[in-house]
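Structure, as structure tokens:
Quantities reported herein were computed from a predicted structural model and do not represent experimental measurements. Just the heavy atoms: all of them, side chains too, but no hydrogens, waters or symmetry mates, feed the values below.
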Amino acid sequence: MMTNEWAEFKAYTEQPIYTASRKTDTTYLGRFTFDMITEFSGFGRILTIVARGYLFHDKNGVVLDNPYERIEIARNALCEWCSIPDKKKNSEPPVDFRELSADYPELVDPDGKGWYYRHIKNVIRFVKDHPDLVSKSAFKKCENISTGFTAQWKKKVRQLQVPIFALNTKGAWTLRFDDIIADALEAGALRTEEYPLPETVIKQLEATDTNGVPKDVVAELIRYYLANKQDDTEWVVLPVANFDAHFGNNNLSKKWLAMIQKSIMIRENRHGMCRYKVLI
């Protein structure tokens, strides 16, 4: 479930299972969709979850004190996760962080291959080796990814390191490691348990017509809303791309969100973000 953030953290830091039982099964993508990979969407949440894991927890999920003392550790973890092999050893800013491999070998290996780089290469390899288990669309998307991924990801990793107050920046991607660390510190420790729906909400949902949207999907959206709602606002940011990855398809963003009745949930887009309010 989307409310168990520790499980999500492990999905971004442990070795994924590269398998599929049928052409519609995208287990081999892990907690990603092809849209996230090609459009670089959902990475704000992904990197913040990774940062929170190393700021606030030990390897078993136990919450630690004084996260501000581990800011450098968390930033290094982000660099390792994003690392990509680079023959130009003196490139600035760097994209190859193999020198940090002794700290967290699960995030980067001695050749500079970071967790995300290895994951994408493994996805491409799985799709090419098992054409009978993937759709034609997935096969085509992997072909496109394999031709330009390395150069595009290097560009993104450099953009992540642009100082907040830099006068001139290249590219429009405004996500930065500094912003991610700040957001992670504000968000606090990861939630390590599922958020249970109140019995009153369960009964109300059972009696509600969800207009063809699976009730377990609506329940997950309500659960996430209640778990993340702050006292000073009725709105919660909805990480649509990450929800798609959680469900293993794009049905939420492409179909279900538009179908959910306003008597259940309303949403709006502001400053490039989707936020929503649950009414039941």
What I want to find out is whether [X] reaches [Y] closely enough, with some N-O distance under 4.0 Å, to be called a salt bridge.
X    : Y    : result
R75  : E72  : no
R158 : E92  : no
K154 : D86  : yes
K87  : D96  : no
R275 : E268 : yes

Side chain to side chain, [X] and [Y], heavy atoms closer than 4.5 Å:
X    : Y    : answer
V95  : S83  : no
R70  : Y54  : no
N242 : I46  : yes
L175 : L47  : yes
E5   : R45  : yes
D35  : K254 : yes
C274 : N269 : yes
E220 : F247 : yes

Does any N or O in the side chain of [X] come within less than 3.5 Å of the main-chain N or O of [Y], such that one atom is a donor and the other an acceptor?
X    : Y    : value
T33  : M36  : yes
K215 : T208 : yes
R52  : F9   : no
K23  : V134 : yes
D209 : N211 : yes
H246 : R31  : no

Roughly how far, to the nearest 0.5 Å, is [atom2] of [Y] from [atom1] of [X]?
X    : Y    : atom1 : atom2 : value
I180 : I49  : CD1   : CD1   : 12.0 Å
R98  : D111 : CZ    : CG    : 6.0 Å
E234 : L279 : CD    : CG    : 8.5 Å
D109 : E80  : CG    : CD    : 11.0 Å
I73  : L100 : CD1   : CG    : 11.5 Å

Could you tell me whether the side chains of [X] and [Y] share a donor-acceptor contact shorter than 3.5 Å?
X    : Y    : result
S253 : D244 : yes
D25  : T27  : yes
Y12  : H119 : no
N76  : D103 : no

Flag yes if more than 12 heavy atoms outside [X] fall under 6.0 Å of its [atom1] atom; otherwise flag no.
X    : atom1 : answer
K121 : NZ    : yes
K128 : NZ    : no
K140 : NZ    : no

Practice task
Apply the test side chain to side chain contact (heavy atoms under 4.5 Å, CB included) to residues Q161 and F177: give CA-CA distance (whole Å), side-chain angles for both, the deciding distance (0.1 Å), then the verdict.
Solution key: CA-CA 6 Å; Q161 299 172 77; F177 284 149; 3.7 Å; yes
[X] and [Y]: which non-hydrogen atoms are nearest, and at how many Å?
X    : Y    : answer
A219 : L205 : CB-CD2, 3.6 Å
F34  : A138 : CE1-CB, 3.6 Å
T26  : G248 : OG1-O, 3.0 Å
F139 : P131 : CE1-CB, 4.2 Å

Problem - Parallel, tilted or perpendicular, as decided by the 30° and 60° cut-offs, for the rings of Y276 and Y225 - result: perpendicular
Exercise for the section: Anything under 30° is parallel, anything over 60° is perpendicular, the rest tilted; go ahead and classify Y116 against W153. Expected result: tilted
Exercise for the section: Determine, step by step, whether F126 and Y28 satisfy the ring-ring contact (aromatic ring centres under 6.0 Å, His included) criterion, reporting the C-alpha distance in whole Å, the side-chain angles of both residues, the deciding distance to 0.1 Å, and the verdict. Expected result: CA-CA 8 Å; F126 176 85; Y28 58 89; 5.0 Å; yes
Let me check something: do [X] and [Y] share a hydrophobic cluster, defined by ILVMFWY side-chain heavy atoms less than 4.5 Å apart, either directly or through other members?
X    : Y    : value
Y18  : I120 : yes
F243 : F40  : no
V108 : Y117 : no
W81  : W6   : yes

Practice task
Test T3 against E194 for side chain to side chain donor-acceptor pair (under 3.5 Å), laying out the working first.
Solution key: CA-CA 5 Å; T3 53; E194 306 295 355; 3.3 Å; yes
